[in-house]
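A short worksheet on the structure shown next.
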Amino acid sequence: MTLTDEDCLAETQAFNKQFETTAASRPAREGTPDAALLATLRRNRLGGDTPPVRLPHGQDRVIEGGVKVRVFVPDHVEGVYLHFHGGGWAFGAADGQDERLWQLAEQARLAVVSVEYRLAPEHPYPAGPDDCEAAARWLVRHAATEFGTQRLLIGGESAGAHLGVMTLLRLRDRHGITGAFRAAHLLFGPYDLSMTPSQRSFGSRRLLSNTDTLRRTYELFTPGTAPEQRRDPEVSPLFADLAGLPPARIVVGTEDPLLDDSLFLAGRWQAAGAPVHLGVVAGAMHGFTLFPLTITERELRRQREFLSTTGR
């Protein structure tokens with residue numbers, strides 16, 4: 001484990017305090033969001049109050065199985081990054097981070113394919129994972145003809161990180177595909193939906209995520225299931241056999257209720273035989289890369305370096 005960005009701790013903690021103060025002035029959400037609130041949250045950028053910027057560089061496509069993807073292709077392509085957005089399996093969109101994905105595409109020389117997977121509660125588990133699995137299989141079959149390369153990478157943020165791991169496991173277990181994706185980049189994901197100790201003990205702090213919001217998110221994604229049922233490896237990859245997975249970079253902040261998820265997953269991933277770099281960002285809350293912080297700039301640079309160099 002590498003603890004990073006301790007020199008930014010004062011800035012990071014000050015932002016967390018400001019975020020909590022602002023959040024405390026808004027009423028807490030209870031239960032399932034109604035249709036109007038869902039529509040507003042989905043239209044606006046994660047962590048913000050305005051719709052995201054759509055760039056002309058992004059191409060909306062529908063691939064095999066009717067799965068929607070948003071594709072960014074720079075002039076020079078040396079790999080393909082299959083990306084899954086965050087948002088608790090209920091929010092977010094493939095066109096919610098165009099500027100960031102286009103920057104990654106250009107600077108890392110990657111074609112980026114971001115999946116518009118179906119969202120809960122209208123489409124609970126397994127709809128989202130099914131869409132991600134279908135997109136991955138399409139890339140395995142068609143990356144060479146579509147993008148001129150078979151160097152495939154996979155990853156995402158938060159729920160997207162969970163979907164990245166689940167997709168690798170489904171490729172292996174359902175289709176006998178290992179080694180097609182050469183690296184995984186996993187930012188602050190939930191890997192135990194029955195709740196790790198850090199999830200259960202985090203409490204009600206009004207950061208981007210806490211114990212209560214995680215519990216409600218899991219209930220939306222897997223309705224009608226008890227926590228012990230969510231320990232099924234088909235739902236919580238922390239309980240799966242992780243053999244045959246590619247090298248990974250796993251990142252989380254010290255003030256994230258999902259801290260244990262990344263710590264435990266990194267240990268099990270490495271024990272299963274694949275190289276892992278675990279980065280723990282000092283003072284960072286869940287979703288910290290959504291915000292204009294020094295630690296965000298640094299993390300995005302480290303992500304570009306990892307994705308541009310790994311798996312060659």
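- With salt bridges taken as basic N to acidic carboxylate O contacts below 4.0 Å, one links R302 and D5.
- Here the closest non-hydrogen pair linking A180 and V140 is CB-CG2, 3.9 Å.
- Environment of CD in E20: crowded, with over 12 heavy atoms of neighbouring residues, nucleotides or ligands closer than 6.0 Å.
- A pairwise comparison of heavy atoms in A282 and T12 identifies O-CG2, 3.9 Å as the closest pair.
- When side chains are defined from C-beta on, R304 counts as touching Q103, because their heavy atoms get closer than 4.5 Å.
- In this structure, CZ on R151 lies 7.0 Å from OG1 on T310, to the nearest 0.5 angstrom.
- Contact check on K68 versus D131 returns no salt bridge, with no Lys/Arg side-chain nitrogen under 4.0 Å from an Asp/Glu carboxylate oxygen.
- Each side-chain hydrogen bond (donor to acceptor under 3.5 Å, both in side chains) pair with one or both residues in residues 265-277, not counting sequence neighbours, would appear here, but there are none.
- A distance below 6.0 Å separates the ring centres of F19 and F291.
- Salt bridge R141/E146: absent, no basic N to carboxylate O contact under 4.0 Å.
- When each of Y125, F221, F84 is paired with W89, the ring pair (Phe, Tyr, Trp, His ring centres under 6.0 Å) condition holds for F221 and for no other.
- Remark: the E133 side chain and the Y117 side chain contain no N/O donor-acceptor pair separated by less than 3.5 Å.
- A salt bridge between R70 and E116 is absent, with no side-chain N of the basic residue lying under 4.0 Å from a carboxylate O of the acidic one.
- Centroid-to-centroid, the aromatic rings of F188 and F288 come within less than 6.0 Å.
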